[in-house]
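Here's the structure we're looking at; comments come further down.
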Amino acid sequence: MEQIPQEQKTEPFLASFTTTEKLGTETPTTSITPNTQFRGRYEKPNCAVCNEVGDGLHFGAEACRACTAFFRRSVALSKKYECRAGRNCEVSSNIRCMCRSCRYDKCIEVGMNPECVQNRRENDTPKADLQFDTSKTEIRRPIPNFNIVPQASAVPSTSNFMDFSIFKDTPISNFSAFSPASLPGLSSSPSLETMPLLERMRINYDKMENARNVIHRREGENIFQQKVPRAITFREATEVTTKEVSLVADWIEWCFDDFGLLPVDQKTILFQNFFVFFCMLERAFMTVKSGRDGIVVMASKDYIDYDNLEGFFKECNSGTGGTPAEIAKPSFELQKRSLINLMRLENVDSYEFFALCVMLFWDFGLEGQSDECNEVGRRVKHRVTREMTFYLRNVKKHEEPLYRMASVVSILPSLQRAVRRFQEDIEMANIFNIYALPENFVNIINGKFN
């Protein structure tokens, strides 16, 4: 498997989901634009095959991620292609999938070496891995973990960014909420060999957590010290949500090869539909893992205090008879009653959470969604269903894995109710000017951002 640079360059699709925050790479106190957080200090050349945004040198030539995966898959599986148009088809980013024969010929022409793929498979890949399609098990290299107890001069591990003991009064395990060893009843750790999609999502989620530690840090806060959560205001919550757009878009790109091959309009349809549902699902999941009641944990690891909504809305002025806290309270109560309490009851673990994310993201029959996109989504959901069956039966030792899967999936209707109510509240507040709302935040919540 080839080495993937830590610093990633985003696709044009991701470039549309930007925020106003800036982050540089010179000092810990500089800021960064989320959609450029993994870029290097220079602009990488375009792909020599299709002229798409490049992703560095792969197999001897500058190539994008899509062409790299295509070339690796073609060589590893000994694919044979045939051109039906005289071996002279145009190969560009928008039509590169039209003729695989000419695309492969172009890869060879620009200098991509098939022996590099074979050598890597022979020398670096364990024999047990050879039965799997490497295009499906490739992962983006996460930022290195440092298994050191955090001190004033030490860099904390990734797990400590998700260590919810910071919410508790008594010490708990040092394991992250997403560490396989922290899962109850776990007999052996899942791997890319047995659960390639879900494990890839977990590894890249850790990578996103590292980025969050930088993106969401407060002014004057040391990124190398454990974050101390605090109650935030409505304005701060909108800022966190806005910054999350590009981070979550990056995570999706890293997790699904199939997503990178879709047209931009189909990517946009899927992501706009997914983002708000993901935010609310993740907040409920992290809130349950925190062990605290009466709060909802944000992606920044700060929290909204349900018991002090007046403080949450203190910067908002109402143009109606009621206060913003009184108007929003029923929505918050629905989230707690319908979603958070259900996730607490089901005790959803990290892999079940990722499986729910797959079901949410690869939705079916959205307005404007193509048949090809629907079919890709069905295939991905079938894969994650098989992986979850393996996980529940062989790792968690559930006697009835299908019953457990049904219990987890039953969370989705509750999530949908909570999201719809939240969207209605934001829409009403915006139309009747109940309290000031940033325009970009309103568009994000309503899935209308471009």
Side-chain angles (χ1 to χ4, degrees), residues 14 17-21 23 31-35 37-38 142-143 156 158-164 166-167 176-178 201-219 221 223 226-255 271-272 274-292 295-306 312 332 335-336 339-340 343 348 350 353-354 356-357 360-361 415 418-419 422 426 438 440-441 444-445 447 449:
L14 299 183
F17 304 117
T18 58
T19 70
T20 56
E21 283 289 309
L23 174 67
S31 58
I32 177 176
T33 313
N35 72 319
Q37 62 188 293
F38 299 108
I143 298 173
T158 303
S159 64
N160 283 319
F161 297 152
M162 284 297 292
D163 185 357
F164 289 101
I166 53 184
F167 288 97
S176 158
F178 288 96
M201 293 180 74
R202 184 193 67 79
I203 292 172
N204 285 310
Y205 189 94
D206 287 342
K207 179 178 177 179
M208 181 170 67
E209 284 294 283
N210 280 280
R212 281 171 165 171
N213 184 57
V214 177
I215 297 298
H216 295 306
R217 79 186 189 281
R218 295 186 287 270
E219 185 176 354
E221 188 176 63
I223 63 174
Q226 189 176 50
K227 185 182 183 71
V228 178
R230 64 173 177 83
I232 59 176
T233 64
F234 177 78
R235 178 186 59 80
E236 292 170 324
T238 63
E239 292 174 354
V240 170
T241 302
T242 303
K243 292 176 182 177
E244 278 291 296
V245 173
S246 291
L247 292 172
V248 177
D250 282 335
W251 181 56
I252 291 297
E253 284 275 7
W254 300 330
C255 291
F271 189 76
Q272 288 179 340
F274 168 75
F275 180 72
V276 177
F277 287 92
F278 170 78
C279 288
M280 190 163 289
L281 178 68
E282 185 188 38
R283 291 172 190 174
F285 178 72
M286 292 192 294
T287 300
V288 171
K289 293 301 178 184
S290 76
R292 289 265 309 265
I295 67 170
V296 59
V297 180
M298 302 288 291
S300 63
K301 306 307 175 288
D302 291 319
Y303 59 91
I304 300 171
D305 188 351
Y306 278 177
F312 178 64
F332 282 102
Q335 291 178 36
K336 180 180 178 181
L339 181 58
I340 295 176
M343 292 193 73
V348 175
S350 61
F353 166 71
F354 294 136
L356 286 174
C357 291
L360 282 172
F361 183 78
L415 172 66
V419 169
F422 177 62
I426 294 297
N440 62 336
F441 176 75
I444 288 171
I445 297 303
F449 53 97

Quiz item: Of the non-hydrogen atoms in Val276 and Ile445, which two are nearest, and what is the gap between them?
Solution: CG2-O, 3.4 Å
Quiz item: Closest heavy-atom contact between Arg283 and Thr287?
Solution: O-OG1, 2.6 Å
Quiz item: Between atom OG1 of Thr242 and atom CG of Asn440, what is the distance when rounded to the nearest 0.5 Å?
Solution: 4.5 Å
Self-check item: Spacing of CE belonging to Met343 relative to NZ belonging to Lys289, to within rounding of 0.5 Å
Solution: 8.5 Å
Quiz item: In Å and rounded to the nearest 0.5 Å, what is the CG to CG distance from Leu415 to Leu356?
Solution: 8.5 Å
Quiz item: Can you name the closest pair of heavy atoms from Arg212 and Tyr205 and give their distance?
Solution: NH1-OH, 3.4 Å
Quiz item: Taking the six-membered ring for Trp, is the centroid-to-centroid distance between Trp251 and Phe278 below 6.0 Å?
Solution: yes
Quiz item: Side-chain contact, heavy-atom cut-off 4.5 Å: Phe271 with Val248?
Solution: yes
Quiz item: Can you find a heavy atom in the side chain of Lys227 that is under 4.5 Å from one in the side chain of Arg217?
Solution: no
Exercise. Rounded to the nearest 0.5 Å, what's the gap from CD1 on Ile426 to CZ on Phe422? Could you check?
Key: 4.0 Å
Exercise. Heavy atoms only: give me the nearest Met208-Trp254 pair and the separation to one decimal.
Key: N-CZ3, 4.3 Å
Quiz item: With the threshold set at 4.0 Å, does a side-chain nitrogen-carboxylate oxygen contact exist between Glu239 and Arg235?
Solution: yes
Quiz item: Hey, does Val348 have a side-chain heavy atom less than 4.5 Å from the side chain of Val288?
Solution: no
Quiz item: Is any side-chain heavy atom of Ile340 less than 4.5 Å from a side-chain heavy atom of Tyr306?
Solution: yes
Quiz item: Can you tell if the side chain of Met298 reaches within under 4.5 Å of the side chain of Ile232, non-hydrogen atoms only?
Solution: yes
Practice problem: Using only heavy-atom distances, determine whether the side chains of Glu244 and His216 contain a donor-acceptor pair under 3.5 Å. | Solution: yes
Quiz prompt | Note: Lys301-Glu209 ion pair, threshold 4.0 Å (strictly below) | solution = yes
Quiz item: At their closest point, which heavy atom of Asp302 faces which heavy atom of Pro229, and how far apart are they?
Solution: OD1-CA, 3.6 Å
Quiz prompt | Heavy-atom side-chain proximity of Leu281 to Phe353 below 4.5 angstrom | solution = yes
Practice problem: Answer yes or no: is there a side-chain heavy-atom contact under 4.5 Å between Phe312 and Asp305? | Solution: no
Quiz item: Roughly how far, to the nearest 0.5 Å, is CZ of Phe361 from SG of Cys255?
Solution: 9.5 Å
